[in-house]
Colleague: 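So that we are looking at the same thing, I have put the structure below in structure tokens.
Heavy-atom basis, side chains included; hydrogens, waters and symmetry copies ignored. Please read all numbers here as calculations on a predicted model, not as lab measurements. Protein chains get the first letters and strands the later ones, always in sequence-line order, with residue 1 at the start of each.
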Amino acid sequence: NAGVMQNPRHLVRRRGQEARLRCSPMKGHSHVYWYRQLPEEGLKFMVYLQKENIIDESGMPKERFSAEFPKEGPSILRIQQVVRGDSAAYFCASSRPGLAGANNEQFFGPGTRLTVL
Amino acid sequence: LAKTTQPISMDSYEGQEVNITCSHNNIATNDYITWYQQFPSQGPRFIIQGYKTKVTNEVASLFIPADRKSSTLSLPRVSLSDTAVYYCLVGDRGTGGFKTIFGAGTRLFVKA
């Protein structure tokens, strides 16, 4: 059973471009979470999704950021018109149906490191 | 919102037992306590989860007192490879949400 997969692992964008980060959850997992981590800091929750639904996006900036988890295919975190402050590691996690959030074990991917020039 | 407080860093030597305590005064009745480990340039990895008393698995033990306002992660006989950041989490449903709050974590440095 493959773990959570994220691609690309490294992404370089220039200011103003769009960044698309993909996350394929573990087989049988229907919950996906996205986090952002700056160097030397903890993970910051961004958004929690179930298939075709955004459940909690309270940690995601209201402008330029969007997330989806379609019925088929990976979850996508999209950042439009990137700025230097968006440079960070973005981690995706998935969990089984059932308890949500911190009460349910989350399996993390290796992350995507976004660098904005 | 449930918030956790942990020491910023700890040092230890190989073969010692390490105990990391986390405070969570506002823990809710339905919340579990979960610990994750993160190595540099990797995503966090689940270590252990508990609700009350003591939980033990092949890598760690988790001690939770009756009032559940704190918890202690115990790592027996640490090795150099246990050098990592350890996060304590409690369930948070916020105002109808399912936000998972990672604090700053505890940086454990194991020396030879």
Colleague: For chain B, which of A/Arg113, A/Glu41, A/Glu57 has the most heavy-atom pairs under 4.5 Å?
Modeller: A/Arg113

Colleague: Determine, step by step, whether A/Leu43 and B/Gln38 satisfy the side-chain contact (heavy atoms from CB on, under 4.5 Å) criterion, reporting the C-alpha distance in whole Å, the side-chain angles of both residues, the deciding distance to 0.1 Å, and the verdict.
Modeller: CA-CA 10 Å; A/Leu43 283 79; B/Gln38 185 180 27; 3.7 Å; yes

Colleague: Side-chain heavy atoms under 4.5 angstrom apart, residues restricted to Ile, Leu, Val, Met, Phe, Trp, Tyr: same cluster for B/Phe63 and B/Val90?
Modeller: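 Not linked; separate clusters.
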
Colleague: Before we go on, tell me: are the rings of A/Phe107 and B/Phe46 under 6.0 Å apart, centre to centre?
Modeller: no

Colleague: How about CD1 on B/Ile8, more than 12 heavy atoms from neighbouring residues, nucleotides or ligands closer than 6.0 Å, or not?
Modeller: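 No, CD1 of B/Ile8 has 12 or fewer neighbouring heavy atoms, counting only those of other groups under 6.0 Å.
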
Colleague: Counting only heavy atoms not in B/Lys111 (residues, nucleotides, ligands), do more than 12 fall under 6.0 Å from its NZ?
Modeller: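 Atom NZ in B/Lys111 is packed in, count exceeds 12.
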
Colleague: With a sphere of 6.0 Å drawn around CE of B/Met10, does it hold more than 12 non-hydrogen atoms of other residues, nucleotides or ligands?
Modeller: yes

Colleague: Between CD of A/Glu105 and CD1 of B/Ile48, what distance do you get to the nearest 0.5 Å?
Modeller: 11.0 Å

Colleague: Less than 4.5 Å to any heavy atom of chain B: does that hold for the side chain of A/Glu40, its backbone, both, or neither?
Modeller: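 Contact with chain B is through both the backbone and side chain of A/Glu40.
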
Colleague: Under a 4.5 Å cut-off applied to non-hydrogen side-chain atoms, are A/Tyr35 and B/Phe102 in contact?
Modeller: yes

Colleague: Same cluster or not: A/Phe108 versus A/Val32, using hydrophobic residues (I, L, V, M, F, W, Y) connected whenever any side-chain heavy atoms lie under 4.5 Å apart?
Modeller: no

